[in-house]
Amino acid sequence: MEPLRDALGRPLRNLRLSVTDRCNLRCNYCMPEPDYVWLPRSELLTFEELARVVGVFGSLGVDRVRLTGGEPLLRSGLPELVRSLARQPFLVDLALTTNGVLLKDMAEPLRQAGLGRVTVSLDTLSPERFRALTRRDEHARVLAGIDAARAAGFSGLKLDTVVIRGRNDDELLSLLAYARTQGAELRFIEYMDVGGATHWTREDVVSRAEMLARITAAHGPVEALVEDSNPSPLPLRGRAPAERFRLQDGTTFGIIASTTAPFCKTCDRSRVTADGTWFLCLYARSGLNLRQALRGGASDEALADLIRLTWQRRADRGAEQRLALQHRTALADVAELREDPRLEMHTRGG
């Protein structure tokens, strides 16, 4: 299928589908405040509605779906949704991002339901530091979840680390070593000033250049990998968010440098919140209410027309525009987030 393209020529390929805005951690870079406004449960899309949304997006060229949250494993009966989506013939990749707390018991059911890949967030190897970062004492359960994902047979396991100066930036090498023992690929993520990151400052960001310099000092020259070097059997379409590198011993890792080296010009991703709001950019201030159309009796063709017209007008370059700001602070303050919880990172998904 010829991909649907936006105003800047970027294809509609990747869909991030949030299944809940709830989370069982309170990570400092995402949910640092003491309390939150949650989406009304009556407005959350049912599994049938979520599957229908994916089907319509698939008719327009989307062939990769990632389930997100909040924490997606908090959504009761999630394997049922995975099983429904896995039957969609147009999907070449069905993945999930999780904090890993509930993964020990869920890995095997999700694998059996047809989930293809799992990414687990792991920001530290220290239980004490984990407690400080997340305000929860769940580090051991996260590590057990990673073990369970391996045991369930998930290939291409990835670990995500948000790097924050003074918090965990001294663990780059130890996290790389841990990922190697797990047969996983680690992806370092620059600290982003998205909704929810109300304590973000430029000084807290450890850039891609600095990460590479530290890793090179310890391991020697680092080789940048091009897309043709990607071992994934999946067809390569669009630009992956992580730039990939290889150490001299063969260890591969990635860096997502959205803060200091944004990749807006090749971004083919959009996000649907658990209540059916479609955001065309992670930095977007507003989105399109698909739930209203779904529950208002719109046909699949009408939904497809709505999505098509919206994507064709898309000209978002949020990360590039943020980079150009002379005085850059957090995207939204607490008052704004409480007024519109859809601005929150845990609501729109990563």
Side-chain angles (χ1 to χ4, degrees), residues 14-26 30-31 36 38-58 62-121 136 138 141-142 144-154 157-158 271-278 289-295 300 303 341-342 344-350:
N14 280 274
L15 183 67
R16 264 57 172 170
L17 189 69
S18 175
V19 297
T20 180
D21 61 326
R22 308 302 173 101
C23 193
N24 45 8
L25 299 180
R26 293 293 182 271
C30 180
M31 301 180 69
Y36 288 87
W38 308 106
L39 299 175
R41 291 189 180 276
S42 62
E43 295 184 1
L44 301 188
L45 298 187
T46 65
F47 284 171
E48 292 78 10
E49 289 171 328
L50 289 167
R52 185 181 171 202
V53 165
V54 171
V56 173
F57 272 98
V62 165
D63 57 10
R64 296 188 177 200
V65 170
R66 178 172 292 274
L67 302 178
T68 67
E71 170 45 47
L73 299 189
L74 287 174
R75 182 74 184 254
S76 178
L78 189 62
E80 176 188 341
L81 175 63
V82 169
R83 190 171 294 107
S84 174
L85 297 181
R87 290 195 290 262
Q88 301 277 17
F90 56 82
L91 281 185
V92 299
D93 187 28
L94 179 59
L96 175 141
T97 294
T98 173
N99 62 31
V101 173
L102 301 177
L103 189 56
K104 179 180 178 181
D105 294 330
M106 291 295 295
E108 183 61 31
L110 289 169
R111 182 65 174 156
Q112 291 299 319
L115 185 68
R117 295 189 299 121
V118 172
T119 297
V120 182
S121 298
R136 299 291 187 271
E138 302 284 13
R141 294 179 71 185
V142 174
I146 294 170
D147 290 340
R150 291 179 59 208
F154 283 106
L157 178 65
K158 289 185 172 63
R271 294 160 176 82
V272 173
T273 65
D275 70 342
T277 304
W278 183 34
N289 188 342
L290 296 177
R291 182 188 72 256
Q292 187 175 41
L294 278 168
R295 296 183 180 177
D300 286 358
L303 281 170
R342 291 167 190 82
E344 295 275 12
M345 184 69 164
H346 68 83
T347 299
R348 64 179 59 184

| request: Of all the heavy-atom pairs spanning L157 and V118, show the shortest one and how long it is. | output: CD1-O, 3.5 Å
| Between W38 and E344, is any pair of side-chain heavy atoms under 4.5 Å apart? | no
| query | Could you give the distance from CD (E108) to CZ (F154), rounded to the nearest 0.5 Å? | reply | 8.0 Å
| request: Can you measure from CZ (R64) to CZ (R117) and round to the nearest 0.5 angstrom? | output: 7.0 Å
| message | One thing to verify: whether E49 and R295 come together as a salt bridge, which I'm taking to mean a side-chain N less than 4.0 angstrom from a carboxylate O. | response | yes
| message | Would V54 and F90 count as a side chain to side chain contact (heavy atoms under 4.5 Å, CB included) here? Give the steps. | response | CA-CA 10 Å; V54 171; F90 56 82; 4.0 Å; yes
| Hey, is the main chain of L115 close enough, under 3.5 Å, to the side chain of R111 for a donor-acceptor pair? | yes
| request: Write down the atom of S121, the atom of T97, and the distance for their closest heavy-atom approach. | output: OG-CG2, 4.5 Å
| request: Answer yes or no: does atom NZ of K104 have more than 12 heavy-atom neighbours from other residues, nucleotides or ligands under 6.0 Å? | output: no
| field | Reported CZ-to-CG distance for the pair R271 and L15, which is rounded to 0.5 angstrom | value | 9.5 Å
| Considering all heavy atoms of both residues, which atom of P79 and which atom of A113 are nearest to each other, and what is their separation? | O-CB, 3.5 Å
| said: Taking R16's backbone N and O only, do any of them form a donor-acceptor pair with T68's side chain (distance below 3.5 Å, no angle check)? | reply: no
| request: Please check if any side-chain donor atom of T98 sits under 3.5 Å from a side-chain acceptor atom of E71, or the reverse. | output: yes
| query | What heavy-atom pair brings R141 and V101 nearest, and what distance separates the two atoms? | reply | NE-O, 3.5 Å
| Any side-chain heavy atom of W278 within less than 4.5 Å of one from V53? | no
| task | Looking only at non-hydrogen atoms, find the nearest pair between L39 and P341 and report the distance. | result | CD2-CG, 4.2 Å
| query | Hey, mind stepping through Q88 and V62 against side chain to side chain contact (heavy atoms under 4.5 Å, CB included) and telling me if it holds? | reply | CA-CA 11 Å; Q88 301 277 17; V62 165; over 6 Å; no
| request: Please indicate whether Q292 has more than 12 foreign heavy atoms, meaning atoms of other residues, nucleotides or ligands, lying under 6.0 Å from its CD. | output: no
| query | Taking atom OG1 of T20 and atom CG of L44, what is their separation to the nearest 0.5 Å? | reply | 6.5 Å
| note | Taken to the nearest 0.5 Å, the spacing of L25 CG from N99 CG works out to 4.0 Å
| request: Please say which of D275, T273, D21 ends up in a side-chain hydrogen bond (donor to acceptor under 3.5 Å, both in side chains) with R342. | output: D275
| said: Could you check whether T119 and R66, counting side-chain N and O atoms only, form a donor-acceptor pair closer than 3.5 Å? | reply: yes
| task | Looking only at non-hydrogen atoms, find the nearest pair between S18 and G69 and report the distance. | result | OG-O, 3.4 Å
| task | Decide yes or no on side chain to side chain contact (heavy atoms under 4.5 Å, CB included) for L303 and L294, but give the supporting numbers first. | result | CA-CA 8 Å; L303 281 170; L294 278 168; 3.6 Å; yes
| said: Taking the side chain as everything from C-beta on, heavy atoms only, tell me whether L73 gets closer than 4.5 Å to L96. | reply: yes
| task | Any chance you could measure L78, atom CG, to L102, atom CG, to the nearest 0.5 Å? | result | 10.5 Å
| task | For R83, check salt bridge (Lys or Arg N to Asp or Glu O under 4.0 Å) against everything at least two apart and list the hits. | result | none
